[in-house]
Number of protein chains: 2
Amino acid sequence: MILEIFKSLPAAELAELLADFQAIATRHSYPKNTLLHQEGTRCDHVFILEKGVARTFYYKDGKDVTAHIATEGESITAIDSLIQRKKSRYNVEVVEDSVVMLIAYPEMQQVLEQKPQHEKYIRFFLEQIYMDLADRIENLLFYTAKERYERLVEDKPDLLQRINLSHIASYLGISQETLSRIRASKE
Amino acid sequence: MILEIFKSLPAAELAELLADFQAIATRHSYPKNTLLHQEGTRCDHVFILEKGVARTFYYKDGKDVTAHIATEGESITAIDSLIQRKKSRYNVEVVEDSVVMLIAYPEMQQVLEQKPQHEKYIRFFLEQIYMDLADRIENLLFYTAKERYERLVEDKPDLLQRINLSHIASYLGISQETLSRIRASKE
DNA sequence: AAATCTATTTGACAATTGTCAAAATCACTC
DNA sequence: GAGTGATTTTGACAATTGTCAAATAGATTT
């Protein structure tokens with residue numbers, strides 16, 4: 001159940017971390033469209049996708065907006081709630097039938113209290129997702145709707161077959177109609 | 001030299017962290033427009049503003065783009081380089097005459113190796129700057145140029161007197177001309 | 001105070017994208 | 001396989017914002 005981003009790290013040190021987290025993780029299967037976390041409640045889990053696709057979304061002026069998408073080997077959660085320990089504005093749902101590892105936050109904290117040397121991996125994890133957001137900002141600032149779409153296709157070609165166009169559109173910050181036209185203009 | 005965001009944390013635990021970081025921090029004064037870090041080199045410092053204003057910027061298609069702005073009680077660095085330990089694409093400069101605390105990354109790592117219990121504060125720090133980026137993305141996705149400007153004025157009213165309009169514009173993802181017109185349309 | 005350099009504003013126009021409404025396509029159920 | 005509901009596409013139009021060029025204002029130097 002190792003996260004993709006950890007695969008480059010020194011195996012020896014990592015093994016203990018993984019063992020400790022394996023010990024508190026549980027595996028679940030969910031059918032398509034299952035809500036893993038509901039907005040307005042506190043989120044106490046990190047979800048790691050073994051198989052399938054999941055997204056976080058929220059409602060902005062009544063519209064469903066996708067904030068994050070995760071596929072195999074990636075993690076997803078209601079990050080605001082997990083960080084600030086309060087009610088979340090995000091929902092998390094699986095978009096396909098999925099197999100998910102759950103790590104409960106309180107147990108994770110306990111592991112980190114007992115073995116603070118693991119904290120540096122959490123730090124590494126946060127650094128990675130921070131850089132992901134920085135990339136996304138640059139994407140929004142400097143690339144046109146069309147370019148953003150092309151970059152997503154380049155990065156995750158399979159995603160477009162696996163998730164609704166409307167979700168892709170809101171994730172990219174484009175109206176669904178514009179995204180549809182962009183697709184039509186290709187080939 | 002405490003960071004604004006740490007002020008809400010339990011004082012007792014925090015005191016040791018601060019003492020340990022004070023021990024490796026050095027204070028410097030820089031005149032306006034001094035470059036604290038140059039792109040293409042590895043950044044080995046975190047800068048904490050005691051007085052003044054600083055920004056990170058980079059060149060995108062030859063244009064100066066402001067990525068981050070920090071004022072008193074906030075921190076700034078070439079975050080890509082600090083995280084990934086490689087050459088940075090960012091420059092860091094002070095925009096006003098400033099007093100800055102420097103913390104060298106290698107020494108910070110050493111402190112964290114010796115006292116891994118401090119890692120959780122680093123984690124807290126990363127979580128905070130992560131949420132800042134998430135806010136910025138939402139800002140870009142859902143608010144017009146005018147609204148983004150108004151929100152910045154609301155949040156940091158003094159900034160507009162302290163830093164060039166062109167820097168504010170690129171930070172907000174707006175052309176300088178549009179920002180100028182937005183300002184003209186008010187009052 | 002004139003001269004020079006920098007920063008900001010203004011004008012004219014074009015391009016990108018959003019919105020609303022309707023049609024077409026697709027997917028699933030009975 | 002007809003029918004129903006969800007998803008995607010298309011059309012027409014308006015609004016926001018960017019670009020390029022020039023003018024103005026402000027700041028700094030001699």
Side-chain angles (χ1 to χ4, degrees), chain A residues 31-35 53 55 57 59-66 69 93-97 136-153 158-187, chain B residues 31-35 53 55 57 59-66 69 93-97 136-153 158-187:
Chain A
K32 185 175 175 168
N33 296 332
T34 307
L35 211 57
V53 180
R55 69 179 184 116
F57 65 101
Y59 292 96
K60 178 81 184 178
D61 301 329
K63 280 184 200 156
D64 175 326
V65 176
T66 297
I69 301 171
E93 74 171 11
V94 298
V95 169
E96 292 178 347
D97 296 352
R136 206 166 156 219
I137 288 177
E138 185 165 341
N139 211 21
L140 289 170
L141 283 177
F142 301 117
Y143 297 92
T144 63
K146 184 170 185 173
E147 288 166 336
R148 275 179 268 157
Y149 171 75
E150 283 164 354
R151 291 170 136 241
L152 182 66
V153 171
D158 57 321
L159 215 54
L160 300 148
Q161 277 72 56
R162 302 175 81 180
I163 188 169
N164 280 357
L165 196 67
S166 61
H167 299 153
I168 301 281
S170 69
Y171 177 68
L172 292 175
I174 308 172
S175 74
Q176 188 182 172
E177 294 91 332
T178 296
L179 186 52
S180 176
R181 278 182 250 264
I182 286 167
R183 292 214 303 188
S185 75
K186 326 225 52 167
E187 105 266 24
Chain B
K32 185 174 175 171
N33 294 331
T34 307
L35 212 56
V53 181
R55 69 180 186 117
F57 66 100
Y59 293 96
K60 178 80 183 177
D61 302 330
K63 281 185 201 154
D64 174 326
V65 176
T66 297
I69 301 172
E93 72 170 13
V94 297
V95 169
E96 291 178 349
D97 296 352
R136 203 165 159 219
I137 287 178
E138 185 164 340
N139 211 22
L140 288 171
L141 283 177
F142 300 118
Y143 297 92
T144 63
K146 184 170 184 171
E147 287 166 337
R148 275 178 268 156
Y149 171 76
E150 282 164 355
R151 291 170 135 240
L152 182 66
V153 171
D158 57 322
L159 214 55
L160 301 148
Q161 276 70 57
R162 300 175 81 180
I163 188 170
N164 279 357
L165 195 69
S166 60
H167 299 151
I168 300 281
S170 68
Y171 177 69
L172 292 175
I174 309 172
S175 73
Q176 189 183 169
E177 294 92 332
T178 295
L179 186 53
S180 176
R181 278 182 249 264
I182 286 167
R183 291 214 303 186
S185 77
K186 325 224 56 167
E187 103 267 22

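Lettering of chains follows the sequences in order, A, B, ..., and the numbering in each one begins at 1.
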Nucleotide N/O to protein N/O under 3.5 Å, stretch nucleotides 25-30 of chain C:
none

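Applying the 4.0 Å criterion to OP1 and OP2 of D:dT9, one finds that A:Arg183 has a side-chain N or O inside that range. A sub-4.0 Å separation between OP1 or OP2 of D:dT8 and a side-chain N or O of A:Gln176 is present.
Residue A:Lys63 qualifies as open at atom NZ: its count of foreign heavy atoms under 6.0 Å is 12 or below.
With rounding to the nearest 0.5 angstrom, the NE2 atom of B:His167 is 7.0 Å from the CZ atom of B:Phe57. Here A:Asn139 contributes atom CG and A:Glu147 contributes atom CD; the two are 9.0 Å apart, rounded to the nearest 0.5 Å. A distance of 12.0 Å separates CD of B:Glu96 from OG1 of B:Thr34, quoted to the nearest 0.5 Å. Between the CD1 atom in B:Ile182 and the NZ atom in B:Lys146 there is a gap of 7.5 Å [rounded to 0.5 Å]. Atom CD1 in A:Ile174 sits 9.0 Å away from atom CG in A:Leu140 (nearest 0.5 Å).
Within residues 161-171 of chain B, no residue is approached by DNA chain D to less than 4.0 Å at the level of any non-hydrogen atom.
The distance from atom CG of B:Leu160 to atom P of C:dA7 is 16 Å, rounded to the nearest whole Å.
A:Ser166 places no side-chain N or O within 3.5 Å of a backbone atom of A:Gln176 that could act as its donor or acceptor partner. Between the side chain of B:Asp64 and the main chain of B:Tyr59, no donor-acceptor pair closer than 3.5 Å is present.
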| Reading 5' to 3' through nucleotides 11-20 of chain C, protein heavy-atom contacts under 4.0 Å coded B for base, S for sugar-phosphate only, - for none | BB----SBBB
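Cation-pi geometry between B:Arg148 and B:Tyr171 is not met: the NZ or CZ atom fails to fall both under 6.0 Å from the ring centre and inside 45° of the normal. Both the sub-6.0 Å distance and the 45° axial angle are satisfied by B:Arg151 relative to the ring of B:Tyr143.
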